[in-house]
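Each ligand, and each atom within it, is numbered from 1 in the order the structure gives.
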Amino acid sequence: MPGSKLIVALDFASLSETDSFLKKIKGADCKVKIGKELFTTEGPRVIDLIKKYNFEIFLDLKFHDIPNTVNKAIKASCSHGVWMVNVHAAGGKSMLDAAYDAIAESNHKPLLIAVTMLTSFDEDNFYNLGFKKGLNDQIIHLSLLAKESNLDGVVCSAKDIASISSIIKDESFLFVTPGIRLKENNTNDQKRINTPAEAIKNGSDYIVVGRPITENNNPFEVITKINAQI
Ligand code: C5P
């Protein structure tokens, strides 16, 4: 599908639930994201299913392991012909370099993005992790690590973009932002949220939206509405 900045999170439990949903959004202008639940349950056949609907795929498995393991996992991801893959920046420079090398050595080259801090973290639960820096400084630190390893961008809250781009002055560095809610939605477990329009205004290149679309009876309509707002 051409152009859309909207990535719909397919957080479903099975292939059949995913297929029912994809039927409802067939032809919509968006990309889709496969997360841990669906991929762990159904494996690569979910990728084959989505390809039949012609949506570009973000394989959101957030790898975080020793460099060699992440290198192999990214190579395996590349072999599925997906559009975007990701790792946790907290895996460190060697792991990020190994992820980058995996893409460089693969025939198919998806965008490689690093998760900074999950958008389910706020200052309170962040301090429980024992980091010495503040949340914002930690996000900038992790973004710089990703940039140094030549990754294509980061996953962060749209609220973090201004401070990251004040340090990383590279227009091609991508910001992928979950934690998106429409005005009428519940926040669920997300803490640092923005509306679609706010996120794009803040400089987001792609917004990730799950439950506000997947839990709606007319997801096609919500996608159209969000596309109009961004
Ligand atoms: O339903 P909701 O819109 O909260 O879904 C957000 C999606 O984005 C989920 O699939 C979640 O795993 C993912 N995500 C996130 N925060 C990150 C990275 C990914 O919420 N930092």
Side-chain angles (χ1 to χ4, degrees), residues 4-14 17-18 21-22 25 30-42 46 50 55 57-64 77 82-91 111-123 125-126 129 131 135-136 138-143 145-146 151-161 163-164 174-200 202 204-216 219 222-223 225-227 229-230:
S4 179
K5 292 175 172 234
L6 171 61
I7 303 172
V8 180
L10 301 177
D11 292 326
F12 296 112
S14 69
E17 257 185 66
T18 308
F21 177 78
L22 290 172
I25 66 160
C30 63
K31 302 173 190 342
V32 299
K33 180 175 89 62
I34 305 172
K36 290 193 172 81
E37 179 189 12
L38 187 56
F39 198 76
T40 305
T41 311
E42 299 290 0
V46 74
I50 294 168
F55 290 113
I57 301 168
F58 172 14
L59 189 58
D60 176 24
L61 298 179
K62 300 186 186 75
F63 296 124
H64 186 169
S77 306
V82 295
W83 163 73
M84 179 181 278
V85 296
N86 64 354
V87 293
H88 268 284
L111 293 168
L112 175 61
I113 304 292
V115 177
T116 54
M117 290 304 302
L118 297 170
T119 43
S120 52
F121 276 99
D122 58 12
E123 292 283 347
N125 50 21
F126 170 74
L129 289 177
F131 285 111
L135 177 58
N136 193 51
Q138 186 64 23
I139 288 167
I140 292 172
H141 183 88
L142 292 170
S143 300
L145 266 189
L151 270 64
D152 295 299
V154 286
V155 183
C156 62
S157 164
K159 295 189 188 309
D160 305 328
I161 296 175
S163 52
I164 300 171
L174 299 174
F175 294 104
V176 179
T177 62
I180 304 292
R181 289 294 178 267
L182 307 182
K183 287 237 155 54
E184 61 272 24
N185 290 147
N186 277 333
T187 57
N188 308 108
D189 52 349
Q190 297 284 15
K191 297 279 167 52
R192 292 176 296 129
I193 56 167
N194 282 102
T195 65
E198 283 165 356
I200 297 296
N202 287 357
S204 176
D205 294 284
Y206 296 102
I207 59 168
V208 176
V209 187
R211 288 161 287 186
I213 295 174
T214 55
E215 291 179 355
N216 192 285
V222 185
I223 291 171
K225 188 173 154 190
I226 293 175
N227 277 330
Q229 289 174 12
I230 60 177

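- Ring geometry, H88 versus H64: the interplanar angle falls from 30° to 60°, so the pair is classed tilted.
- The atoms of ligand 1 that sit less than 4.0 Å from any heavy atom of L118 are 17 (C), 21 (N).
- If you check the side chains of N136 and S163, you find a donor sitting under 3.5 Å from an acceptor.
- The shortest N or O to N or O distance between R211 and ligand 1 is below 3.5 Å.
- I113 CD1 to F175 CZ: the interatomic distance, rounded to the nearest 0.5 Å, is 10.0 Å.
- When hydrogens are left out, the protein atom nearest atom 9 (C) of ligand 1 is D11 OD2, 3.3 Å; that is the closest non-hydrogen contact.
- Distances from ligand 1 to the non-hydrogen atoms of K33 include at least one value under 4.0 Å.
- By the 3.5 Å distance cut-off applied to N or O atoms, G210 is counted among the residues near ligand 1.
- A heavy-atom separation below 4.0 Å is not found between N188 and ligand 1.
- By the 30° and 60° cut-offs, the orientation of the rings of F126 relative to F121 is perpendicular.
- Nearest non-hydrogen protein atom to atom 20 (O) of ligand 1 is Q190 NE2, 2.9 Å.
- Of the possible donor and acceptor atoms, none in the side chain of S77 sits under 3.5 Å from a partner among the backbone N and O of V85.
- W83 and Y206 have their aromatic ring centers within a separation under 6.0 angstrom.
- Regarding atom 16 (N) of ligand 1, its nearest protein heavy-atom neighbour is T119 OG1, 3.0 Å.
- Of the protein's non-hydrogen atoms, K62 NZ, 3.6 Å is the one closest to atom 12 (O) of ligand 1.
- Against a heavy-atom cut-off of under 4.0 Å, P178 is close to the following atoms of ligand 1: 8 (O), 14 (N), 15 (C), 16 (N), 17 (C), 18 (C), 19 (C), 20 (O), 21 (N).
- The number of heavy-atom neighbours closer than 6.0 Å to NZ of K159, taken from other residues, nucleotides and ligands shown, is above 12.
- Here is the list of ligand 1 atoms found below 4.0 Å of a heavy atom in V208: 7 (C), 8 (O).
- Partner of N86 under the side chain to side chain contact (heavy atoms under 4.5 Å, CB included) criterion, out of L59, V115, L112: V115 alone.
- Near R181, meaning under 4.0 Å from any of its heavy atoms, are these atoms of ligand 1: 1 (O), 2 (P), 3 (O), 4 (O).
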